[in-house]
Structures are given as structure tokens and as C-alpha cells.
Amino acid sequence: MVEAALSAGVVGRAIEKRLLEVAIHDLRDFTTDRHRSVDDVPYGGGPGMVMKPEPIFRALDAIAARHDAPVTVLLMSPQGTRFTQRDAERLGSLPHVAMLCGRYEGVDERVRSRVDEEVSIGDYVLSGGELPALVVLDAIARRVPGVVGDDQSVAEDSFSRGLLDFPHYTRPAAVGDLRVPDVLLSGNHQEIRRWRKQESLGRTLERRPDLLESAALDDEERELLDRIRNGRL
Ligand code: 4GX
């Protein structure tokens, strides 16, 4: 699954262009028993299985040995702190990141002594950490200069500005009675910028008011938000 994802799309192209290097490590390659076991029954009893610590420690040692600069170890887990655009920006500036993907009920607690950050992609339970790791990788990769064609569009991305995106339209100007807002056809770039700010703010207020508490708004945006809140827009 991870191999397939790494060969496709934006991440695939970034790797081809050598803007990004990704290695997959199979924990079974770091086992020593005949059955190559990576999991075992939980101490104290109960259902499910727990990932054994030694194969994980050996894998992390092998990864560290491949690099001169520090390797930041992430554990993908629903117990982690929620992954955000800010984390994508921060992690993207680190020399090396290892993402530990568990299955079953999780990892032996002692593994956390080797983990720098426990990361969740959202409040739902998946069957493994691989999809979360691919989500985190994608968010990091598309910010690497040259990976996405247009650096401008990455910089202006919805969450980089801390607000939800404004509505987008393309040709034709009318599909039946569904028309593109006149302001976008006006050629008045000052007005278009203001309309987009207004739409971003309106949507954010409506759908994600929590984002407004930490959004860095400029003077015009604070004025617009005030007017939206007071029903004057
Ligand atoms: N965001 N899962 C990890 C096994 C597990 C459980 C506990 C370590 C500790 C998930 C998520 C997620 C399912 C990946 C359980 N590993 N990961 N897996 N949501 O649901 O990150």
C-alpha cells in the first residue's frame, strides 16, 4: 500500500525528481525468530495483540545509522496530538523524519521512550498507521520547493493563512442558471481580493469559528469580520 502511494501523484513526482527521499522499512526484517513475529499477546490479558519492542528498536537503530543528522521519530496513533498544517511546516524543515506505523492494539509502551512525537490525523480508528503516515508525508512533500508547480499557490493555501479557502470558479461564466459571481468577471483586482477575503472569513465563521481565534488577520480582514458578524455584509 505504501509502495503504491509513493509511486503516484505529487509525492511520486517529488521522489522521481529527487526533491524528496523516502525509504520503507519492514519491521519483520528486524525480527530474529523463525516466524518473524512483530506482535505478541498483552501482559495482563485481554483481547488483541501488541507490537513487540525489540524489532522496533532495531529498526530505529538501523535508520539512525543511515544518517548523520538527527532522525525525529513520530508514532502514528489515535492517542497523539492532532496533525495540523503548522506541523507539516515544522516537520518539513527537519533533516530526517521516521514514521512508525503500528497495527493491532498498538505498540509496547516502552517504545515511547524512543518516540519524539505521537501524531494523530483525526478522531477515528484505522487498521494501521500506514495511511496516517502517507497523509503526513503528502502534507510535508507538497510544501517542498519545486514539488508543486506553483509555489505561490502553496504559500496562499487555505490553512497557511489560517482561514478556510474562498470559492473558486472556472469557465464557462454560466452553466444553465448557475452563474459565476459578477465581481470575478469585473477585472477589478482590488475588489476581487476583498470579495475573496470576505468569502474566506464568512465561511470560516460559519463552518470553523475555532480557526478565527488563532488566525492572523490584517486590518481589512478584521474590519470585514466585524461587518459580517454584525450583519452588515
Ligand atoms: N491517526 N491508527 C495506529 C495502531 C496503534 C495504536 C496505538 C500505536 C498506538 C491513527 C489515527 C489510527 C489505528 C494507527 C491504530 N499504534 N493513527 N494503529 N487516527 O487510527 O494516526
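Read the numbers this way: they start at 1 and go in the same order the structure lists the ligands and their atoms.
Against a heavy-atom cut-off of under 4.0 Å, Gly122 is close to the following atoms of ligand 1: 19 (N). Annotation for ligand 1: atoms under 4.0 Å from non-hydrogen atoms of Ser120 are 1 (N), 21 (O). Near Gln79, meaning under 4.0 Å from any of its heavy atoms, are these atoms of ligand 1: 7 (C). If you number the atoms of ligand 1 from 1 as listed, the ones under 4.0 Å from a heavy atom of Val119 come out as 21 (O).
Under the 4.0 Å criterion applied to side-chain N and carboxylate O atoms, Arg28 and Asp26 are not assigned as salt-bridge partners.
Considering backbone and side-chain atoms together, Val125 places no N or O closer than 3.5 Å to any N or O of ligand 1. Between Val107 and ligand 1, no pair of N/O atoms sits closer than 3.5 Å.
Under a 3.5 Å cut-off, the side chain of Lys52 and the backbone N or O of Thr31 do not form any donor-acceptor pair. Judged by distance alone, the side chain of Arg208 and the main-chain N or O of Leu164 form no donor-acceptor pair under 3.5 Å.
Heavy atoms of Leu100 come nearer than 4.0 angstrom to ligand 1 in no pair at all. Residue contacts with ligand 1 leave out Met51, since none of its heavy atoms falls under 4.0 Å from the ligand. Close to ligand 1: Tyr104, with a non-hydrogen atom less than 4.0 angstrom away.
When non-hydrogen atoms are compared, ligand 1 lies under 4.0 Å from neither the backbone nor the side chain of Asp123. Here Pro132 has side-chain heavy atoms under 4.0 Å from ligand 1, and that is the only part of it that gets that close.
Summary of contacts: the protein heavy atom closest to atom 21 (O) of ligand 1 is Ser77 N, 3.3 Å. In terms of protein heavy-atom proximity, atom 2 (N) of ligand 1 is closest to Pro78 CD, 3.7 Å.
Remark: Leu225 CG to Gln198 CD distance equals 11.0 Å, nearest 0.5 Å.
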